[in-house]
Novice: 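Quick one: structure below, then a few questions.
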Protein chains: 2
Amino acid sequence: MESIVSKVLDKIDLQILDILQKQVQISNIEMAKRVNLSPPATHARIKRLEQEGFINQQVAILNQEKLGFDLLCFIFMSTNIHQEEQIKVVEKALKTMPEVLECHCLTGEYDYLLKVIIKERKELELFIRKLNKLGITRIQTSLALREIKCSTILPICEGSISN
Amino acid sequence: MESIVSKVLDKIDLQILDILQKQVQISNIEMAKRVNLSPPATHARIKRLEQEGFINQQVAILNQEKLGFDLLCFIFMSTNIHQEEQIKVVEKALKTMPEVLECHCLTGEYDYLLKVIIKERKELELFIRKLNKLGITRIQTSLALREIKCSTILPICEGSISN
DNA sequence: ATAGAAAAGTGAATTTTATTCGGTAAAGAA
DNA sequence: TTCTTTACCGAATAAAATTCACTTTTCTAT
């Protein structure tokens with residue numbers, strides 16, 4: 001049984017995506033060499049992959065430490081509100097806050113998990129105060145002490161699934 | 001009191017970094033227009049920022065859903081091992097696993113938080129089995145039900161801190 | 001303040017890369 | 001098989017990156 005993906009994407013497409021997700025600034029000429037196609041053919045494929053939505057964004061990941069962000073926090077929280085409208089307000093507020101890098105709805109003990117980047121301790125207090133104002137009942141904050149791994153690379157290549 | 005950052009980076013540098021972290025594929029000519037500098041001057045600044053390590057990586061963020069990754073999981077775990085050597089082995093193993101996008105050492109109830117991307121339910125069981133083999137004592141898995149926000153953008157611009 | 005040195009910027013020229021285009025080969029449907 | 005569609009190639013063109021000689025600005029030390 002073939003997966004859904006291979007009906008749309010062939011091996012070269014996956015190869016291109018895998019290179020781009022690691023090194024988006026590669027030149028089209030170098031990419032063409034790696035996938036054994038002519039530059040125009042390679043270029044057309046990349047444009048098609050963008051068009052069809054396989055690439056969400058193309059970004060530079062900046063160095064948090066060098067830019068003065070000392071605290072990475074994971075915040076687990078639950079709300080006491082259960083009206084659809086109020087939840088939307090809270091979520092919209094979270095989306096707007098630039099310190100909030102990620103926000104996910106989770107199964108388990110808490111409703112939400114936030115990933116929050118903060119320059120210094122004082123700002124953390126201000127941030128948590130902002131959360132309280134939104135009607136969050138339970139908040140548990142964990143600081144990231146050490147980063148073991150932080151990647152955006154999806155395991156889309158055959159050989160890359162470990163055992 | 002000026003922050004540490006502004007001793008090294010001026011406003012134009014921050015502007016460049018902010019544009020790059022949102023849109024890394026912008027042309028140098030367009031970047032030059034936006035920051036009101038000539039293309040060579042802009043280019044030299046970007047190269048300097050790369051050299052000095054302000055940019056960690058330049059990547060394409062792929063669409064998880066379209067590539068068949070149905071499950072995003074957050075896994076909280078603790079080890080019963082406290083010997084330096086054994087911890088290194090576990091962390092190295094986690095770093096190698098392509099399903100593990102992130103791994104952080106945390107304060108609080110659990111030692112580690114993992115962000116794990118999985119295609120389907122069956123693979124999740126296999127993955128958790130792999131964790132058990134590493135000597136992890138406590139594991140709590142939460143599934144991400146809905147993504148409210150998922151960004152890599154650091155709030156480095158003056159106006160971008162919300163109140 | 002001011003002269004000298006160092007750093008950063010500019011515009012034109014060059015090199016490299018992206019992109020377009022006409023023609024060809026391969027793949028799929030009738 | 002024949003027709004149609006799709007994808008590919010190589011050459012030509014357009015656009016962008018990069019280099020370079022020169023100028024302006026900024027900083028330092030007198």
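In what follows, chains are A, B, ... by sequence order, proteins preceding strands, each numbered from 1.
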Novice: Any chance you could list the contact pattern along nucleotides 8-21 of chain D? Use B for base contacts, S for sugar-phosphate-only contacts and - for none, protein heavy atoms under 4.0 Å, 5' to 3'.
Specialist: SBB-----SSSB--

Novice: Cationic tip of R138(B) within the cone over Y110(B)'s six-membered ring, i.e. under 6.0 Å and within 45° of the normal?
Specialist: yes

Novice: Do R146(A) and E91(B) sit within salt-bridge range, that is, some charged N less than 4.0 Å from a carboxylate O?
Specialist: yes

Novice: Take atom CG of D13(A) and atom P of dT6(D), then tell me their distance rounded to the nearest Å.
Specialist: 16 Å

Novice: Take the protein atom CZ of R48(A) and the nucleotide atom P of dT5(D), then report the distance between them rounded to whole Å.
Specialist: 19 Å

Novice: Does atom CD (E65(A)) have a neighbourhood of more than 12 heavy atoms from anything else shown, all under 6.0 Å?
Specialist: no

Novice: Using 4.0 Å as the upper bound for N to carboxylate O, is an ion pair formed by R48(A) and E52(A)?
Specialist: yes

Novice: Answer yes or no on whether K115(A) is positioned over the face of F74(A), meaning its NZ or CZ is under 6.0 Å from the six-membered ring centre and within 45° of the axis.
Specialist: no

